[in-house]
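All residue numbers refer to positions in the sequence shown, counting from 1. Note that these values count all heavy atoms, side chains included, but never hydrogens, waters or copies made by symmetry.
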Amino acid sequence: MAFSVALFVACLGVSADDEETDDLPIPEPVRVESQHKGTFGGRRIDYQVVVSNMLLKNEAGDVYASAVTTAYTADKGQNRPVTFVFNGGPGSSSVWLHMGLVGPKRVVVPSDAGDAGHAPYRLEANPEALLDISDIVMIDPIGTGYSRLAGKGKPEDVYGLAEDARTVAHIIREWTRKNNRWNTPIYIMGESYGTTRAAAILPYLEDGPEPLRVNGLILISQALDYTGSTPTHDNLVSYVTFLPTMAATAWYHGKVDKSRDLKEYLEEVRAFTLDEYLPALFRGSSLPSEEFDRIATKLAGYIGLDVAYVKRANLRVLGGRFIKELLRDKGLVTGRLDSRYLIDEIDDTADGPRFDAADASFSGAYSAALHHYLRNELGVDWDEPYYISGPEVGREWEWVRDPQGYYEPEYVNTAPDLAQSMRFNKSLKVMVASGYYDMVTPFFDAEYTFWRHGIDMSRVTMTYYEAGHMMYVNHPSLTAVAEDIREFITAK
């Protein structure tokens, strides 16, 4: 392994001119290169890693941000696919997909939803990384990782749904330009809010004066239409979309009969959800009492809760309350990101969890592994914090900016952007990867979203895994999702 550093400046460097203005510092160009070898998809690959920044300029030619990417390239071929990868948040760096799924090194955490423990964590070669079939560019959106606002950049330029989409599209186009990859197949992989972003950036990439056509989207734990993934009492749809995941969770924890195969069980739950539960919810208070009792009994049986509780909830069990209620008798709470995980909280009478059991188990491992990897294996020794979760993004984020100061409240929804883009780009294909135990973006919501927005399902591949939001923390699911992504990218 060899390192080379070009124009390295501590703290990513600033020019002297910036000290005399109210503008933010503008970093100097920085580039850290290293050479590596690895085996991916059964093939021995020599590859280069480049961690570098690019200065993003607005239409007036003023710098507004410095975006840092980590690019893995395996050869000089200009027609080799490149996959741009980011996580979600808003405000998350790309650490999760980087150290869990697509990077050449992965941090090892227990597959069985056990706690990851303390440092030192084990990093190992990741043979599932995609370098045998695609170059990989990890993107840390502005305000995350090492990426920052710069120059004349203001929070309102970047921290919003449309602003973020425009900025990440800018990063993709500029990386393509700087690396002369205009005639290469382009894939975009996003996770969670990253899938919201993946759909939202398509108009900014594929239209305009410099169109860049995308071959495919890989949506990990999709969140396109937030109607189905926002469990609140005013949102009738969410009771429907979360129910199969509740049933899967009850099955996993032995609160229902586990003699049947999970997939077979969930087919039955899907049928009940659409054919019986949804009509009952729609009827509301007009539902006859005997029908109410029948639905309550079946619902309680599927999700492992006491029928009296289901009746008190008026057939409407919120996802946040379910994960607290399922194992309340044992004083345990299931995870939201992955409901296989458990945590023992202090307040056993609360109606919802204080912590996420999954996040508490493995987030420290991912943070430590990423920092160690950047410095010790890639040679990135910058005197600047790498934000796993960008603090400024959360403080400054606005979903919609209206110049009149008013807009009609509605759920975030970028599914129409995808539907429209699939009409504009008749070759665009989509893969949707969902975890059965994901209580943040439930798998049935993925089905509901893709059924109802006019999306061409003949170009959509739906895949499922017996894990949660980050399904790759479960090693069998990592192997399966990597195989499915390979098949998706290489399919003709």
Side-chain angles (χ1 to χ4, degrees), residues 87-89 91-92 95-97 99-101 106-119 121 191-193 220-221 223 229-231 238 241-256 258 262 303-305 309 317-370 388-389 434-445 465-478:
N87 274 90
S92 174
V95 59
W96 310 103
L97 289 171
M99 301 307 296
L101 177 56
R106 63 180 288 266
V107 60
V108 179
V109 298
S111 283
D112 62 356
D115 188 80
H118 301 99
Y121 301 103
E191 178 179 286
S192 194
Y193 175 76
I220 309 292
S221 302
S229 57
T230 306
S238 69
T241 53
F242 274 82
L243 197 161
T245 301
M246 293 180 187
T249 303
W251 181 93
Y252 180 85
H253 290 291
K255 297 293 284 187
V256 299
K258 292 189 69 173
L262 175 63
I303 64 176
L305 297 185
Y309 179 88
V317 179
L318 290 172
R321 293 181 178 178
F322 168 81
I323 64 178
K324 187 76 173 180
E325 191 66 28
L326 182 67
L327 298 171
R328 188 184 292 276
D329 58 337
K330 298 179 179 179
L332 299 174
V333 186
T334 76
R336 291 185 66 245
L337 289 169
D338 190 326
S339 60
R340 297 176 305 140
Y341 288 79
L342 298 173
I343 193 168
D344 182 0
E345 292 190 330
I346 293 175
D347 188 354
D348 290 337
T349 64
D351 65 352
R354 183 175 181 184
F355 304 109
D356 180 70
D359 179 68
S361 172
F362 55 64
S363 61
Y366 273 77
S367 176
L370 189 279
I388 300 297
S389 181
S434 301
Y436 285 127
Y437 305 118
D438 182 353
M439 286 289 293
V440 175
T441 57
F443 69 89
F444 197 55
D445 174 53
Y465 310 94
E466 292 191 33
H469 199 67
M470 292 93 155
M471 67 281 297
Y472 41 83
V473 301
N474 171 262
H475 196 265
S477 295
L478 165 64

Can you measure from [atom1] ([X]) to [atom2] ([Y]) and round to the nearest 0.5 angstrom?
X      : Y      : atom1 : atom2 : result
Lys255 : Thr249 : NZ    : OG1   : 12.5 Å
Leu97  : Glu191 : CG    : CD    : 4.5 Å
Ile343 : Phe355 : CD1   : CZ    : 6.5 Å
Arg340 : Ser111 : CZ    : OG    : 7.5 Å
Thr334 : Phe322 : OG1   : CZ    : 6.5 Å
Trp96  : Ile388 : CH2   : CD1   : 7.0 Å

**Asked** In terms of ring plane angle, is the pair Tyr341 and Phe362 parallel, tilted or perpendicular, where the classes change at 30° and 60°?
**Response**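 Geometry flag for Phe362 against Tyr341: perpendicular rings.
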Taking side chain as C-beta onward, heavy atoms only, is [X] less than 4.5 Å from [Y]?
X      : Y      : result
Leu342 : Lys330 : no
Ile323 : Arg336 : yes
Val473 : Tyr366 : yes
Leu305 : Met246 : no

**Request:** Using modelled atom types only, decide if a donor and an acceptor are shared between the side chain of Thr241 and the backbone of Ser238 within a distance under 3.5 Å.
**Result:** yes
**Item:** Heavy-atom donor-acceptor pair, Ser339 side chain to Met439 backbone, under 3.5 Å
**Value:** no
Can you name the closest pair of heavy atoms from [X] and [Y] and give their distance?
X      : Y      : answer
Val440 : Ser229 : O-CB, 3.7 Å
Ser477 : Met471 : CB-O, 3.2 Å
Ala116 : Val109 : CB-CG1, 4.0 Å
Gly468 : Asp338 : N-OD2, 3.1 Å
Phe242 : Thr230 : CE1-N, 4.4 Å
Leu262 : Tyr437 : CD2-OH, 3.4 Å

**Request:** State whether a side-chain donor-acceptor pair under 3.5 Å links Asp438 with His469.
**Result:**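 Short answer, yes.
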**Request:** List the steps, then state whether side-chain contact (heavy atoms from CB on, under 4.5 Å) holds for His253 with Leu332.
**Result:** CA-CA 11 Å; His253 290 291; Leu332 299 174; over 6 Å; no
**Request:** Could you note down all residue pairs passing salt bridge (charged side-chain N to carboxylate O under 4.0 Å, His left out) where residues 345-367 supplies at least one of them, sequence neighbours left out?
**Result:**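 Matches after skipping sequence neighbours: Arg321-Asp351, Lys324-Glu345.
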**Prompt:** Under the side-chain contact (heavy atoms from CB on, under 4.5 Å) criterion, do Phe444 and Thr245 qualify, and how do the steps go?
**Reply:** CA-CA 8 Å; Phe444 197 55; Thr245 301; 5.7 Å; no
**Prompt:** Counting only heavy atoms not in Lys258, do more than 12 sit closer than 6.0 Å to its NZ atom?
**Reply:** yes
**Request:** Assess whether side-chain contact (heavy atoms from CB on, under 4.5 Å) is satisfied between Ser221 and Tyr193, documenting all intermediate values.
**Result:** CA-CA 9 Å; Ser221 302; Tyr193 175 76; over 6 Å; no
**Request:** Please identify each residue that fulfils ring pair (Phe, Tyr, Trp, His ring centres under 6.0 Å) with Tyr472, with sequence neighbours left out.
**Result:**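 Tyr472: no ring pair (Phe, Tyr, Trp, His ring centres under 6.0 Å) contacts found.
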